[in-house]
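Right, one structure below, let's go through it.
What you see is a predicted model, and the numbers here were worked out from it, not measured in a lab. So that the names make sense, note that chain A is the first sequence line, chain B the second, and so on, each numbered from 1.
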Number of protein chains: 2
Amino acid sequence: MNVRSEDLTARARIRDAAVARFGRDGFRAPVRAIAEDAGVSAGLVIHHFGSKDALRAECDHHVLTVVREQKSRAIAYASPAETIGMLSTVQEYAPLFAYIVRSLLDGGALAGHFVDGLVDDAADYLQAGEEAGTVRPSADPAGRARQVVALQVGLIVMAQLGAAAGHGVAPTESPAEAMVQLYERSMLAGLELYTHGLFTDTSYLDAYLEYRQKDGKS
Amino acid sequence: MNVRSEDLTARARIRDAAVARFGRDGFRAPVRAIAEDAGVSAGLVIHHFGSKDALRAECDHHVLTVVREQKSRAIAYASPAETIGMLSTVQEYAPLFAYIVRSLLDGGALAGHFVDGLVDDAADYLQAGEEAGTVRPSADPAGRARQVVALQVGLIVMAQLGAAAGHGVAPTESPAEAMVQLYERSMLAGLELYTHGLFTDTSYLDAYLEYRQKDGKS
DNA sequence: GCCACGGCTGAACACACGTTTAGCGTAGTG
DNA sequence: CACTACGCTAAACGTGTGTTCAGCCGTGGC
């Protein structure tokens with residue numbers, strides 16, 4: 001996404017246009033629109049990729065590749081402050097993110113892999129945090145990783161539909177902008193939650209443990 | 001949804017069929033399929049509602065009404081144990097829930113209202129919890145409410161795409177079942193998070209507060 | 001008994017979209 | 001220069017879908 005369009009082969013140009021279009025308009029976006037964005041005819045899109053579905057598969061693959069690259073690069077940032085700082089780079093990969101969000105909402109195959117990856121990553125980070133003493137140990141590490149990712153996913157979805165940030169969010173702003181805004185507006189509360197929890201005592205947790213003991217799942 | 005189909009007028013039957021279909025197959029479901037489910041012709045659907053979009057609007061309205069009814073009834077349950085118990089009733093309203101999830105993923109108008117409602121409710125509950133002494137006070141109550149709802153929404157979306165529960169979830173099961181399963185598998189970790197938090201100290205929170213003070217938002 | 005009327009149907013229409021196909025232009029090759 | 005191969009286009013085709021339309025059928029009123 002950081003290469004000028006003129007430098008790319010038609011095939012790559014179509015792929016990038018498709019990622020952008022799909023991210024912005026969803027997967028119902030017509031092939032003709034993608035073709036126009038890439039400056040080619042609709043027939044050529046099919047000629048190169050065989051079908052729209054195959055084009056999408058290629059987009060999935062490409063996005064996943066880029067994400068993996070960026071992820072391995074992001075491992076470097078580890079300290080709290082730098083982790084926070086990464087937030088500002090979100091905007092740079094807005095098209096990629098938009099595509100992933102669409103895939104998430106569409107329930108596509110990419111979404112599964114992506115979320116699975118997030119869960120695995122979260123589990124690793126939390127494990128590392130535990131060993132470093134910054135993260136509390138958990139009775140259910142996998143479940144906790146899912147919780148953390150779910151919070152992330154939920155924020156993304158809520159940002160996507162714009163209205164979720166509560167009241168007074170302009171509906172005209174871009175999805176990427178909405179996400180950053182929601183992140184900012186929720187960051188404090190999120191860290192608060194992660195730092196102190198929500199409840200003052202253990203009665204809810206105890207109640208659940210007791211309920212679970214009574215009948216081993218329903 | 002708890003009235004036998006034969007007792008309803010064709011209009012109501014179409015509406016219910018539409019809610020179920022939309023919930024199961026998404027809003028791309030053909031009018032003809034809905035008509036068949038309701039045992040009527042496609043033309044009649046249009047005859048009654050004017051257009052597919054209008055039908056969807058009617059579904060939105062209907063679902064929102066039912067949700068509001070159930071919500072006001074649910075207010076009665078307040079204690080931790082009973083709150084837990086409510087989980088088992090989720091399956092009963094699976095079609096409604098499926099519809100809401102679709103609306104959520106589609107970014108429809110209903111989703112906004114629904115999530116806004118959830119956020120408002122969460123804020124109220126948390127406020128009440130604070131006053132009752134069971135919930136910690138927060139520096140950003142509205143943000144915290146969003147966090148709680150985001151977690152909820154994220155779990156729903158992850159359940160929707162099935163794969164998100166990590167590995168080893170059969171992809172053939174129904175969405176409603178997947179949701180219940182994911183809920184069960186994440187409940188312990190969720191309560192743990194809400195009870196004890198995630199971090200052992202306040203360094204992350206402190207880092208953010210410091211970052212925020214340096215430049216008043218970007 | 002008859003008529004009008006509203007719910008209802010099946011066929012037809014209009015349109016958007018993915019895909020196919022015939023052919024054009026140009027670069028590389030002998 | 002002739003020829004082939006390939007990237008590419010424009011128009012056409014088939015299909016799925018929302019919507020319209022002409023008419024049927026049972027019911028209630030006169």
Side-chain angles (χ1 to χ4, degrees), chain A residues 3-63 99 102-103 105-110, chain B residues 3-63 99 102-103 105-110:
Chain A
V3 186
R4 302 200 61 81
S5 304
E6 299 84 25
D7 301 339
L8 297 172
T9 68
R11 192 186 159 88
R13 235 179 323 132
I14 292 170
R15 171 180 33 74
D16 286 355
V19 169
R21 261 285 168 186
F22 283 148
R24 198 157 63 78
D25 298 351
F27 293 105
R28 273 177 295 182
V31 172
R32 287 173 173 83
I34 296 169
E36 194 176 352
D37 289 351
V40 301
S41 71
L44 189 65
V45 175
I46 302 299
H47 177 222
H48 272 306
F49 297 92
S51 73
K52 186 183 181 181
D53 282 344
L55 169 60
R56 180 179 167 181
E58 186 101 353
C59 289
D60 276 13
H61 179 73
H62 178 243
V63 168
Y99 183 90
R102 287 293 178 187
S103 181
L105 300 181
D106 192 73
L110 171 66
Chain B
V3 186
R4 301 201 63 80
S5 302
E6 299 83 25
D7 302 338
L8 297 172
T9 68
R11 192 186 159 87
R13 235 179 325 132
I14 293 170
R15 180 195 3 91
D16 286 355
V19 169
R21 262 286 167 184
F22 283 148
R24 200 156 64 76
D25 299 352
F27 293 106
R28 273 176 294 182
V31 172
R32 287 172 174 85
I34 296 169
E36 194 176 353
D37 289 350
V40 300
S41 72
L44 189 64
V45 175
I46 302 298
H47 173 76
H48 273 306
F49 297 92
S51 73
K52 186 182 181 181
D53 281 345
L55 169 60
R56 181 180 168 180
E58 188 101 353
C59 289
D60 276 14
H61 180 72
H62 178 244
V63 168
Y99 183 90
R102 288 292 178 188
S103 181
L105 300 181
D106 193 72
L110 171 65

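The interatomic distance linking R28(A) (CZ) with dT17(D) (C1') rounds to 13 Å, in whole Å. Counting to the nearest Å, the P atom of dG18(D) and the CD1 atom of I14(B) are 14 Å from each other. Between the C1' atom of dT19(D) and the CD1 atom of I46(B) lies a distance of 6 Å, rounded to the nearest Å. Separating the CZ atom of R56(B) from the P atom of dT17(D) is a distance of 17 Å, rounded to the nearest angstrom.
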So if I define the base as every atom that isn't primed, P, OP1 or OP2, how would nucleotides 6-11 of chain D read as a B/S/- string at a heavy-atom cutoff under 4.0 Å? --BB--
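Expressed to the nearest 0.5 Å, how far CD of E36(A) lies from OG of S41(A) amounts to 11.5 Å.
Paired with E58(B) under the rule side-chain hydrogen bond (donor to acceptor under 3.5 Å, both in side chains), one option of H48(B), R11(B), R15(B) passes, and it is R11(B).
Salt-bridge formation is not detected for the pair R102(B)/D106(B): no Lys NZ or Arg NE/NH1/NH2 atom is positioned less than 4.0 Å from an Asp or Glu carboxylate oxygen.
Note that the two end axes of the helix from dG1(C)-dC30(D) to dG30(C)-dC1(D) enclose an angle of 20°, each drawn from 5 base pairs, rounded to 10 degrees.
Boundaries of the chain A contact region on DNA chain C are dC17(C) to dT20(C), first to last in 5' to 3' order (nucleotide atom under 4.0 Å from a heavy atom).
Both tests do not hold together for R56(B) against F22(B): distance to the six-membered ring centre under 6.0 Å, angle to the ring axis within 45°.
Taking both residues in full, the closest heavy atoms of Y99(B) and C59(B) are given as OH-CB, 3.1 Å, listed atom of the first, atom of the second, then distance.
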